A.B. asks: 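Handing you this structure, nothing more for now.
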Amino acid sequence: MPTQRRLAAVLIADVAGYSRLIGSEEETTLSRLAAIRSSIVDPTVAAHHGRLVRVTGDGLLLEFASVIDAVRCAIELQRLVALHNDEIPLFKPIEYRIGINFGEIAISDDGDIAGDGVNIAARLEALADPGGICVSARVQEEVAARLALGFDDMGEQNLKNIARPVRAYRLPQASAGPIAQMTPSAPALALPDRPSIAVLAFTNMSSDAEQEFFADGIAEDIITELSRSRALFVIARNSSFTYKGRPAPIRDVGRELGVRYVLEGSVRNVRNRVRVTAQLIEATTGGHVWAERYDRELADIFAVQDEITASVSAAIQPALERSERERVVRKPADSLDAWESYHRGMWHFSRVDAAENERARRFFQRAVELDPQFARAVAGVALTYLHEITLFRPQQRSVNLPLALEHASRAVAIDETDATGHAALARALWFSGRHREALLNAQRAVSLEPNSATAHGALGGARLWGGLPQQAIEPLETAMRLSPFDPLMPLWLHFKSRALYWSGDYDAAIDAASHSRQSFPNFRQPYNTLIAALGQVGRTDDAHAVLADGLARFGEAFRRLMSLPLSDLRELRPEDREHLIEGFRKAGVA
């Protein structure tokens, strides 16, 4: 039985084609494995401070306290085993697949280990190429900033007996597989300076030739929708449809069209139902970034086409943005261009931490230095000042708000058609009490990019602070649906709970604020809404418990906030301010 639990890096290695090797060269294979174990595995594991937990006929289970040690050990093992193979070319090569995960393990009395930390490593090992290494996202995050390794994103993987998808990464330089030996079929085009995508014609999997028009229509409409985003470089239909009807490797498509991402899909019609599948692939690595399946009744073929087009288009951009952020994290900071510096900034911004917020600002500022007309990066600077006001240093409001307003206004002046600039300006304006202007800019952001989560979040915020709380809920929920892992998620959750409060739905406000507080415990605003809502329904003891938690987390500054001098809520309309104060008074905290 397990006697203790701890976090550890788990490395699992397995010999590729072991049964084949044993079947043809049993004695030789066993002898070579024993030699590899004594001359390579044992000294290499010891040198990297690992523990050899278990050895099977063809497999190894290793535990490391350090993720860095685990990855270095894996790379060295693969290098030394490859040299071993080179020294005896007459025999079939012995090649390990290696999977590495970082997670919780259970340790039994005899020193064996088990748990999801081990199970995920085993599933990742099965995804690795012979001679290759596959790691989880937790390992990649730990290693990327400290080791100069070029991870390839394999996208989210549904692993057997693992409840949630696991994002996986490949270390291609450790692989001796065929990918490294591929030769281009056509000259490669230079990649654009922003995320680039080609949408291939969807494949008609039905026997009905009429469905060809339906399949083409979905792909064409997705191209049209994506082309509305100024943040994307979208290949025109006339080019991407040239691959229709002829098989072409995704890497070749990406190389020939000069795009980083390719969307492909299929359509199947069976008994008045239609199934559409779509998958977004990073062309340079073959890794899956996003995939979805849609099953619909085919009563109105055009309505179904519109619905699926909207769903796919809305899902792609957040997936692309996440992939871009993760990709640039793997590059040395001094090699980033303006667009990559912006996405590195967004990666740091998404960490929702005071120090990371400052790092994000530095990358945004560097992007602006490289390209002074980069409106989105200028808006990014504004967002860091706004985030600092809201999350980290509210006492700096008098300094940071003018800076946020200045940068957001400048972003819109540089590019009036950039939705991010209008969304940032809307937020700066409502903080300044200029609610009508905030609403106009938020509406403009949504009209420019209907699939932008940031734009919908800005519209929800502008309506909320501008006296339209019930109308704020729908765009806020849209923002959260469009980008469920967005760095602005704590704000949107807070806005929704406050919208419910100001709409008089106190029980729903309590539920929403409690969820927000649990998800982002170091974000103070949900505490305020929760205390006020608890006061409105007479739950004063619970309100005081929340206040005590707020004081423990945020200190006396939190109590001063509860006293609510008008200067602390100057952006609120008088009636909204009084409504909030009323809740605090009923809770007995003001």
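If you're wondering where the values come from, they're calculated on a predicted model, not measured in any experiment.
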A.B. asks: To the nearest 0.5 Å, how far apart are CD1 in Ile223 and CG in Leu263?
C.D. replies: 9.0 Å

A.B. asks: Salt bridge (charged side-chain N to carboxylate O under 4.0 Å, His left out) for Arg577 and Glu582? Distances and angles first, verdict last.
C.D. replies: CA-CA 9 Å; Arg577 182 188 301 117; Glu582 177 187 75; over 6 Å; no

A.B. asks: Using only atom types and a distance under 3.5 Å, with no angle test, would you say the side chain of Ser196 pairs donor to acceptor with the backbone of Arg260?
C.D. replies: yes

A.B. asks: Is the shortest heavy-atom distance from the side chain of Leu439 to the side chain of Leu459 under 4.5 Å?
C.D. replies: yes

A.B. asks: For the atom pair CG (Asn528) and CG (Leu530), what is the distance rounded to the nearest 0.5 Å?
C.D. replies: 9.5 Å

A.B. asks: Looking only at atom types and distance, does a side-chain atom of Thr384 sit under 3.5 Å from a main-chain N or O of Val381, one as donor and one as acceptor?
C.D. replies: yes

A.B. asks: Is the backbone N or O of Gly117 less than 3.5 Å from a side-chain atom of Asn101, with the two atoms forming a donor-acceptor pair by type?
C.D. replies: yes

A.B. asks: Which atom pair, heavy atoms only, marks the closest approach of Ser503 to Gln470?
C.D. replies: OG-CG, 3.1 Å

A.B. asks: Do Val412 and Arg444 have side-chain heavy atoms sitting under 4.5 Å apart?
C.D. replies: no

A.B. asks: Ignoring hydrogens and geometry, is there a side-chain-to-backbone donor-acceptor pair from His407 to Leu403 under 3.5 Å?
C.D. replies: yes

A.B. asks: State, with a plain yes or no, whether a side-chain heavy atom of Arg361 is found less than 4.5 Å away from one of Phe349.
C.D. replies: no

A.B. asks: Kindly indicate, with the supporting measurements, whether the criterion side chain to side chain contact (heavy atoms under 4.5 Å, CB included) is fulfilled by Arg138 and Val67.
C.D. replies: CA-CA 9 Å; Arg138 293 192 68 180; Val67 174; over 6 Å; no

A.B. asks: Using atom types as modelled and distance alone, determine if a side-chain donor or acceptor of Arg463 lies under 3.5 Å from a backbone N or O of Gln471.
C.D. replies: yes

A.B. asks: Measuring from Ser514:OG to Leu493:CG, what's the distance to the nearest 0.5 Å?
C.D. replies: 12.0 Å

A.B. asks: Indicate the atoms forming the closest heavy-atom contact of Ala408 with Ala424, along with that distance.
C.D. replies: CB-C, 3.8 Å

A.B. asks: May I have the step-by-step check of side chain to side chain contact (heavy atoms under 4.5 Å, CB included) for Phe202 and Ile222, ending in yes or no?
C.D. replies: CA-CA 11 Å; Phe202 279 33; Ile222 291 171; 4.0 Å; yes

A.B. asks: Looking at CG of Leu124 and CG of Leu159, how far apart are the two atoms once the value is rounded to the nearest 0.5 Å?
C.D. replies: 6.0 Å

A.B. asks: Is there a side-chain contact between Arg410 and Val368 in this structure, where contact means two heavy atoms from C-beta onward sitting under 4.5 Å apart?
C.D. replies: yes

A.B. asks: Check whether any side-chain heavy atom of His348 lies under 4.5 Å from a side-chain heavy atom of Asn357, and answer yes or no.
C.D. replies: no

A.B. asks: Main chain of Ala479, side chain of Trp492: is a donor-acceptor contact present, judged purely on distance under 3.5 Å?
C.D. replies: no

A.B. asks: Under the 6.0 Å and 45° cation-pi test, does Arg427 pair with Trp430?
C.D. replies: no

A.B. asks: When you check the side-chain N and O atoms of Tyr501 and Gln536, is any donor under 3.5 Å from an acceptor?
C.D. replies: yes

A.B. asks: Do the non-hydrogen side-chain atoms of Ile162 and Asn119 ever get within less than 4.5 Å of each other?
C.D. replies: yes

A.B. asks: If the test is side chain to side chain contact (heavy atoms under 4.5 Å, CB included), which one of Asp371, Ile414, Asp418 qualifies with Val378?
C.D. replies: Ile414

A.B. asks: Do the side chains of Glu264 and Ile281 get nearer than 4.5 Å, heavy atoms only?
C.D. replies: yes

A.B. asks: Is it true that His494 and Phe520 have ring centroids separated by less than 6.0 Å?
C.D. replies: no

A.B. asks: Looking only at heavy atoms, what is the nearest atom pair of Asp576 and Trp502, with distance?
C.D. replies: O-NE1, 3.3 Å

A.B. asks: State the CZ-CD distance between Phe364 and Glu369, to the nearest 0.5 angstrom.
C.D. replies: 14.0 Å

A.B. asks: Between Phe374 and Tyr342, is the ring centre distance below 6.0 Å?
C.D. replies: yes

A.B. asks: Look at the side chain of His435 and the backbone N and O of Gly467, then say whether any donor-acceptor pair between them is shorter than 3.5 Å.
C.D. replies: no

A.B. asks: Would you please test Gln396 and Leu401 for side chain to side chain contact (heavy atoms under 4.5 Å, CB included) and show each step?
C.D. replies: CA-CA 8 Å; Gln396 288 291 103; Leu401 185 54; over 6 Å; no

A.B. asks: Determine yes or no for a side-chain-to-main-chain donor-acceptor pair under 3.5 angstrom, with Arg517 supplying the side chain and Ala512 the backbone.
C.D. replies: no

A.B. asks: Looking only at the aromatic ring of each residue, does the gap between the centers of Phe495 and Trp465 stay below 6.0 angstrom?
C.D. replies: yes

A.B. asks: Kindly indicate whether the side chain of Glu358, heavy atoms from C-beta on, has any atom under 4.5 Å from the side chain of Glu388.
C.D. replies: yes

A.B. asks: Would you tell me whether Thr478 and Glu474 have side-chain atoms, one donor and one acceptor, within less than 3.5 Å of each other?
C.D. replies: yes

A.B. asks: Working to the nearest 0.5 Å, report the span between NE2 of His515 and OG of Ser497.
C.D. replies: 10.5 Å

A.B. asks: Does a donor on one side chain sit under 3.5 Å from an acceptor on the other, for Asp415 and Thr417?
C.D. replies: yes

A.B. asks: Closest heavy-atom contact between Lys586 and Thr540?
C.D. replies: O-CG2, 3.4 Å

A.B. asks: Step through the shown structure and confirm whether more than 12 heavy atoms of other residues, nucleotides or ligands are within 6.0 Å of CZ on Arg553.
C.D. replies: yes

A.B. asks: Looking at Leu425 and Ser409, what are the two nearest heavy atoms and their distance?
C.D. replies: CD1-OG, 3.5 Å

A.B. asks: So, for Ala533 and Tyr506, which heavy atoms are closest and what is the spacing to 0.1 Å?
C.D. replies: CB-O, 4.0 Å

A.B. asks: Go through the steps to decide whether Val259 and Ile197 satisfy the test side chain to side chain contact (heavy atoms under 4.5 Å, CB included), and finish with yes or no.
C.D. replies: CA-CA 5 Å; Val259 294; Ile197 182 171; 5.7 Å; no

